[in-house]
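I have placed the structure first, in the form of structure tokens, so that the comments after it can refer back to it.
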Number of protein chains: 2
Amino acid sequence: MDNVTIKDIAKALNLSTSTVSRALRGSYEINAETKRLVMEYAERLNYRPNPIALSLKENRSRAIGVIVPQIANYFFSQAINGIEAIAYNRGYHVIIFQTHESYEREVVNMQQAVSRRVDGLLISLSSETSDVTHLRELQDQGMPIVLFDRVSSELNATQVVADNFKGAFEATEHLIWSGRRRIAHLTIPPYMSITQERLAGYRAALEKHGIAYDENLVRYGTFGPDEVGPMVDDLLAQNPRPDAFFTASDRLAAGCLGALQKRKLRIPEDVALIGFTNMNVAELLSPPMSTVVQPAQEIGQVAVERLIELIERKQKAAPPSVIKIPTTLIARDSTRTVVE
Amino acid sequence: MDNVTIKDIAKALNLSTSTVSRALRGSYEINAETKRLVMEYAERLNYRPNPIALSLKENRSRAIGVIVPQIANYFFSQAINGIEAIAYNRGYHVIIFQTHESYEREVVNMQQAVSRRVDGLLISLSSETSDVTHLRELQDQGMPIVLFDRVSSELNATQVVADNFKGAFEATEHLIWSGRRRIAHLTIPPYMSITQERLAGYRAALEKHGIAYDENLVRYGTFGPDEVGPMVDDLLAQNPRPDAFFTASDRLAAGCLGALQKRKLRIPEDVALIGFTNMNVAELLSPPMSTVVQPAQEIGQVAVERLIELIERKQKAAPPSVIKIPTTLIARDSTRTVVE
DNA sequence: AACGTTATCGGGAACGTTGCCGATAGCGCA
DNA sequence: TGCGCTATCGGCAACGTTCCCGATAACGTT
């Protein structure tokens, strides 16, 4: 392998390791000629400082851990994209952990990250996670933590999220403006932060337009497979039937669309549909699907920037806060106003 | 932070560090009672061995580098999913690098991975990469390397790919069976391995059915934005017009579908369309799109398994080989046989 | 002439862990 | 009694790097 060390250089040039070390870092107390010699020789041998030795000495790894439910998911893969870009520019590398929506694996991943000595942690909570004491304890021990997307107000940490309330409010109002009155809301487990914020936005829009909130129109998914069909059936069985669906995720939006198609309901004639999503093929769906776009990449970028600030400035960094990144509503055919 | 070391335990228990070390690893030459004491104390203090110190000592990092063009891409995010799952079970962590389809960044990423002292490298080549001497040199220095998906026969390394030839052959034959004769092929840069294999499968299917290969029906994309529309236009301007499109990637398939829709061509009545893709929403597109499914996750899993074998058994591992994972053709509405 | 200063470099410890080599005591056996 | 063996443990070096403390010589200053 590659193994040229500072010792090799020292031996070859008949110098001590300390001199070589200082020459390489350009210390002022090394003779210019000596510096040149060392630099040239190091260059010629393609010397690269060993980051592991550095880590041991400085007690830091220049690595940040990223814990997400799933990589193979539009939102998270884009967020990781943003994270990676910033992190590498700042000299950190990114270690990925997946929880697969399991609380248990989240805890295990967290411990793994700790024993890997990551300098900081970026976390999007699993859907099973309601208790965050594991994170609070870690934070109390001094580990910099930033939450993104799936956050928890139980934790006094910086949190970076889409403006879920506003996004949901706009989506719901958009449906109302297009003439719908019975708007169903398909969402994810109720104890999750994003669920509550989106639900609140949904309710606020209904209220603003004088539509009573009907809890029978709200269904909570569990990330299980094949669960969307029955939920949609159940909602459609009501009388009067819902005339619009507002879904809270990529997965639910696609599943809902499939379920509606299977049941031969015309979109947007029979029901309208709008999702909270990042799918870049939403435009190509049948019909083109209206969406509230979450700025996944930007969320990742902002989150990692805050984390690095936390790592490098420690107690001097900005106090914990909640950062909301605006969403964008894109109206397409699935929510077109239908004139009778 | 967490910092309990083997020294702390030794001091507290009035033992030497070596004894503690051996007790922790269950060495036979340590008194059972002493072992118990050490184990219990370590447990109580939540001792975790410092992997950085281990890495320095053993000259290995228990990390594998994964270099891909893009994380935010169906295929690669699923592949990384598979990689992550296996790697963690085997005690390795995964460090992600993105080339963004740039040769230059690929080289830089490779160097970064090396200076991070990864134990092995998993690479899917950028579309710009035609020269692989940077990888060959690294390999010559003893770094275990496994290529996946975007591979190169210039490198004597284990390569894990989808069965591109067979997949393309089946897709083309499927189009022929559905009654098409002028089958256009939208693909990616010609020097890439997957391009050539898919093109060969396409040609072989044409030949088998007595259809002359027409190079005017083949177009090579460059991963640039908004390039698909003009390519499609150009193809459609021919006389006679193509009656089917076979695309070589997720991006091209979606772009082609959008372009055809924009030009008001009916699918499958006017033209058929089949893609090489992993999009799980292909069924929801308009119309539902036929696809050749690449087993992304399995490719990742197999690749990382081979890499770990290479890392741990070194010269004793299996010699380099090309492993082909079968694809699956899913016929949907976009290639339905149209009766005139 | 004695001293302080400056420029330039080396020695050694330390980060946390493991492994080699020894050291000690207790014991059995001839 | 003396020898060797086993069981049990400690000391030390090493991995690659940085940093603190000295060391040395060549000066200038009083």
Side-chain angles (χ1 to χ4, degrees), chain A residues 1-39 41-43 45-63 91 112 114-119 142, chain B residues 1-39 41-43 45-63 91 114-119 141-142:
Chain A
M1 204 81 83
D2 198 10
N3 289 322
V4 37
T5 77
I6 229 171
K7 279 188 191 170
D8 300 330
I9 301 179
K11 203 169 299 172
L13 263 42
N14 229 347
L15 292 170
S16 78
T17 58
S18 10
T19 305
V20 175
S21 174
R22 271 167 299 181
L24 254 18
R25 335 205 102 248
S27 164
Y28 67 97
E29 52 177 336
I30 298 295
N31 184 294
E33 172 64 10
T34 310
K35 268 192 216 173
R36 199 184 53 75
L37 265 175
V38 172
M39 300 275 208
Y41 192 78
E43 176 73 18
L45 261 64
N46 200 24
Y47 167 78
R48 297 269 172 271
N50 186 325
I52 297 174
L54 262 292
S55 290
L56 181 60
K57 186 129 192 68
E58 299 174 1
N59 202 27
R60 48 137 50 179
S61 60
R62 286 205 157 273
Q112 284 212 0
V114 171
S115 67
R116 291 280 183 200
R117 301 293 199 271
V118 297
D119 290 343
Chain B
M1 204 83 81
D2 196 13
N3 290 323
V4 36
T5 78
I6 228 171
K7 279 189 191 170
D8 301 329
I9 301 178
K11 203 170 296 172
L13 263 43
N14 228 348
L15 291 169
S16 79
T17 57
S18 12
T19 304
V20 175
S21 173
R22 271 167 300 180
L24 254 19
R25 335 206 100 247
S27 164
Y28 66 97
E29 52 177 336
I30 298 295
N31 185 294
E33 172 64 12
T34 310
K35 268 191 217 172
R36 199 184 53 76
L37 266 174
V38 173
M39 299 274 208
Y41 192 78
E43 176 73 19
L45 261 65
N46 199 25
Y47 167 77
R48 296 269 172 271
N50 186 324
I52 297 175
L54 262 293
S55 289
L56 182 59
K57 187 135 189 63
E58 298 174 359
N59 202 27
R60 46 135 51 178
S61 59
R62 285 204 158 274
V114 171
S115 68
R116 291 281 184 199
R117 301 294 199 270
V118 296
D119 290 343
Q141 287 168 15

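Residue numbers begin at 1 in each chain, while the letters A, B, ... track the order of the sequences. These numbers come from a predicted model, not from an experiment.
Residue contacts shown for A/Thr34 are limited to sugar-phosphate atoms, with no base heavy atom under 4.0 Å away. At a threshold of 4.0 angstrom between heavy atoms, the contacts of B/Asn14 are confined to the sugar-phosphate backbone, with no base atom among them.
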For residues 12-20 of chain B, tabulate all N or O donor-acceptor pairs below 3.5 Å that involve a side-chain atom, not counting sequence neighbours.
unit_1: B/Ser16; atom_1: OG; unit_2: B/Ser18; atom_2: N; d: 3.4
unit_1: B/Ser16; atom_1: OG; unit_2: B/Ser18; atom_2: OG; d: 3.2
unit_1: B/Ser16; atom_1: OG; unit_2: B/Thr19; atom_2: N; d: 3.2
unit_1: B/Ser16; atom_1: OG; unit_2: B/Thr19; atom_2: OG1; d: 3.1

Using atom names, set out every protein N or O paired with an N or O of nucleotides 14-21 of chain D below 3.5 Å, distance rounded to 0.1 Å.
unit_1: D/dA14; atom_1: N3; unit_2: B/Lys57; atom_2: NZ; d: 3.2
unit_1: D/dC15; atom_1: OP2; unit_2: A/Lys7; atom_2: NZ; d: 3.0
unit_1: D/dT17; atom_1: OP1; unit_2: A/Tyr47; atom_2: OH; d: 2.6
unit_1: D/dT17; atom_1: OP1; unit_2: A/Asn50; atom_2: N; d: 3.1
unit_1: D/dT17; atom_1: OP2; unit_2: A/Ile6; atom_2: N; d: 2.6
unit_1: D/dT18; atom_1: OP1; unit_2: A/Arg25; atom_2: NE; d: 2.9
unit_1: D/dT18; atom_1: OP1; unit_2: A/Arg25; atom_2: NH2; d: 3.0
unit_1: D/dT18; atom_1: OP2; unit_2: A/Ser21; atom_2: OG; d: 2.7
unit_1: D/dT18; atom_1: O2; unit_2: A/Lys57; atom_2: NZ; d: 3.4

Identify the pairs formed between an N or O of the protein and an N or O of nucleotides 24-26 of chain C at a distance under 3.5 Å, and give each distance.
none

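One end of the helix from C/dA1-D/dT30 to C/dA30-D/dT1 points its axis 80° away from the other end's axis, with each axis taken from 5 pairs and the angle rounded to 10°.
Closest heavy-atom contact between A/Ser61 and B/Arg116: O-NH1, 4.1 Å. Between A/Tyr47 and A/Leu24, the shortest heavy-atom contact is CE2-CD2, 3.8 Å. For B/Ala42 against B/Ile9, the heavy-atom pair with the smallest separation is CB-CD1, 3.8 Å.
Distance, B/Ile30 CD1 to D/dT8 P: 8 Å, rounded to whole Å. Whole-Å rounding puts the A/Ile52 CD1 to C/dT17 C1' distance at 13 Å. Atom P of nucleotide C/dC9 and atom CG of A/Leu15 are separated by 7 Å, given to the nearest angstrom. To the nearest angstrom, C1' of C/dT17 lies 15 Å from CZ of B/Arg62.
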Would you check, one step at a time, whether the test side-chain contact (heavy atoms from CB on, under 4.5 Å) holds for B/Val4 with B/Asn46?
CA-CA 8 Å; B/Val4 36; B/Asn46 199 25; 5.6 Å; no

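Counting only residues at least two apart or in different chains, salt bridge (Lys or Arg N to Asp or Glu O under 4.0 Å) contacts with residues 4-25 of chain A comprise A/Arg22-A/Glu29.
The shortest distance between side-chain heavy atoms of B/Arg62 and B/Ser55 does not fall below 4.5 Å.
Between B/Ile52 atom CD1 and A/Arg60 atom CZ the span is 10.5 Å, to the nearest 0.5 Å. Between the CG atom of A/Asn50 and the CG atom of B/Asn59 there is a distance of 7.5 Å, given to the nearest 0.5 Å.
For A/Glu43, the CD atom sits in a loose shell: 12 or fewer heavy atoms of surrounding residues, nucleotides or ligands are nearer than 6.0 Å.
The shortest distance between the side-chain N/O atoms of A/Thr19 and the OP1/OP2 oxygens of C/dC9 is not below 4.0 Å.
Residues satisfying the side-chain hydrogen bond (donor to acceptor under 3.5 Å, both in side chains) criterion with B/Thr34, sequence neighbours excluded, are absent altogether.
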